[in-house]
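The next block holds one structure in the form of structure tokens; read it before the comments.
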There are 2 protein chains.
Amino acid sequence: MGAVASHVIGKNARKSRECILDAAASLFSQNGYKGTTLRDIAKLTNMKAGSLYYHFSSKEELVLEILTIGLSNIIDTVVHDIDALPEGASAKDILVTAARGHLFALLEKPDYTSTSIRNYGQLPEDVQKRGRLVRDKYENMWRKWLQQAQDDGHIRSSVNLKVLRLTMLGSLNRTQAWYKKGDLSIDDIAKSQIDIYWCGIGNE
Amino acid sequence: MGAVASHVIGKNARKSRECILDAAASLFSQNGYKGTTLRDIAKLTNMKAGSLYYHFSSKEELVLEILTIGLSNIIDTVVHDIDALPEGASAKDILVTAARGHLFALLEKPDYTSTSIRNYGQLPEDVQKRGRLVRDKYENMWRKWLQQAQDDGHIRSSVNLKVLRLTMLGSLNRTQAWYKKGDLSIDDIAKSQIDIYWCGIGNE
DNA sequence: GTCTATAAGGCGATAGAC
DNA sequence: GTCTATCGCCTTATAGAC
């Protein structure tokens, strides 16, 4: 009986794990997956490269976890914001909320998300594959919201929803490439982008 | 007198050079700068790695040339299209022409341009620096066109031109990530995107 | 949990034969 | 012009001391 779990993850382990993830996410987003070595990550964590293997079984597993966190972070934020809308929220409200939520999640914790956006091509094949499943789920949510908004008459019927979805998500995601703290606020950017998409830039 | 240039670049050399550039651009755009080895490039060119050094002095020089070709290609296309506009073309005509030209150049020779868009972060520092000079020149052209269009009353005065420029170029450039030949035509995508930006998606 | 030491292999680049 | 061969370095990952 006296048997007790021989290896419970200690508190230090959990802390180190998070520290490694943060450091890795930052470096991956800056220098790419292949451009970041385990030694770089270890150095930023004040560890030695070999020690990382106590927490992660490979570089691949490490980047996969970062990828998953980044995508989940966006999805959770957006879904939470939409759930918080009052009962009778219109399809337009949902869309605007989704765009704002996406942008906030993207720009407030940029390291995790930009790892997935910028490095897709150079990630190992099966990391790409597993990431794609989560991303598809998220894109389907947008498909639904846009369709609903068009069905409800909030979006002009002549707008091609596929191009719209890819164009909107494209420019939202690209914001990360030019956003600088202290310049335009996230809120201002969100407002301007939504205004551009909703009203157009034309004057006639 | 009888002296003749002892080393003129032969026709085979020029052909090999182009072949190497094409192969490298394709691989860089797919697997990133660091994710592509000289051995990969050589294999796709039916050469051996060492032979590349007859044509390029380093991997860095090779990617810099691809970067320059890609950016010049976009700029040349856009400038040429705008020059071809009739005398009295409006600021709006210029803008629409620029967007179309950008998209065509981007999607018709994607390997060279996506090398510069996708791999910026992992490129060697001074390659980034030299590329930035060309890119800034191009962004300034857009700044001018947008300002002119707003001054002429073609763009609503409340539109933030900085956000607009970065958002538009962002979604145009991102198109490369989802464009597939045989699906939507470049022309359809251009039309839809311009319509979305110009008229907005809203219905009221 | 983290260290040191090191294995096994891939990388960019060079030298010299052909 | 392209080849073969190889140098020196850096990479991921492992083994065993502490």
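Residue numbers begin at 1 in each chain, while the letters A, B, ... track the order of the sequences.
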Q. Are a donor atom and an acceptor atom from the side chains of B:Thr113 and B:Gln176 found within less than 3.5 Å of each other?
A.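 The answer is yes; a qualifying pair exists.
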Starting from [atom2] on [N], measure out to [atom1] on [X] and report it in whole angstrom.
X: A:Glu61; N: D:dA13; atom1: CD; atom2: C1'; answer: 14 Å
X: B:Lys34; N: C:dG10; atom1: NZ; atom2: C1'; answer: 14 Å
X: A:Tyr53; N: D:dA17; atom1: OH; atom2: P; answer: 21 Å
X: B:Leu52; N: C:dC11; atom1: CG; atom2: C1'; answer: 13 Å
X: B:Tyr33; N: C:dC11; atom1: OH; atom2: C1'; answer: 12 Å
X: B:Arg17; N: D:dT2; atom1: CZ; atom2: C1'; answer: 17 Å
X: A:His55; N: D:dA13; atom1: NE2; atom2: P; answer: 16 Å

Q) If only side-chain N and O atoms of B:Tyr54 are considered, is one of them under 4.0 Å from the OP1 or OP2 phosphate oxygen of D:dT2? A)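 Answer is no, no contact under 4.0 Å.
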(Q) Does C:dT2 have OP1 or OP2 under 4.0 Å away from a side-chain N or O of A:Ser16? (A)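 Yes, A:Ser16 has a side-chain N/O under 4.0 Å of OP1/OP2 on C:dT2.
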Q: Sequence neighbours left out, what passes side chain to side chain contact (heavy atoms under 4.5 Å, CB included) with A:Thr77? Give chain and number order.
A: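 In terms of side chain to side chain contact (heavy atoms under 4.5 Å, CB included), with neighbours along the sequence ignored, A:Thr77 is linked to A:Asn73, A:Asp81, A:Ala105.
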**Q.** Partners passing side chain to side chain contact (heavy atoms under 4.5 Å, CB included) against B:Ile69 (at least two apart in sequence or in another chain)
**A.**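 B:Ile69: side chain to side chain contact (heavy atoms under 4.5 Å, CB included) contacts with B:Leu21, B:Glu65, B:Tyr112.
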**Q.** Listed partners of B:Asp195 passing salt bridge (Lys or Arg N to Asp or Glu O under 4.0 Å), at least two apart
**A.**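 So B:Asp195 forms a salt bridge (Lys or Arg N to Asp or Glu O under 4.0 Å) with A:Arg156.
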Q: State which residues pass salt bridge (Lys or Arg N to Asp or Glu O under 4.0 Å) with A:Glu139; sequence neighbours excluded, sorted by chain then number.
A: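 So A:Glu139 forms a salt bridge (Lys or Arg N to Asp or Glu O under 4.0 Å) with A:Arg165.
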Q. Taking for each residue the nucleotide of DNA chain C bearing the nearest heavy atom, is the 5' side occupied by B:Glu60 or by A:Asn12?
A.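 Result: A:Asn12.
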Q: Return each pair, listed once, that meets ring pair (Phe, Tyr, Trp, His ring centres under 6.0 Å) where at least one residue sits in residues 29-48 of chain A; pairs must be two or more places apart or across chains.
A: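 Pairs touching residues 29-48 of chain A that pass the test: A:Phe28-A:Tyr33.
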(Q) Base contacts versus sugar-phosphate-only contacts with protein, heavy atoms under 4.0 Å: please encode nucleotides 3-11 of chain D as B, S and - from 5' to 3'. (A) BB------B
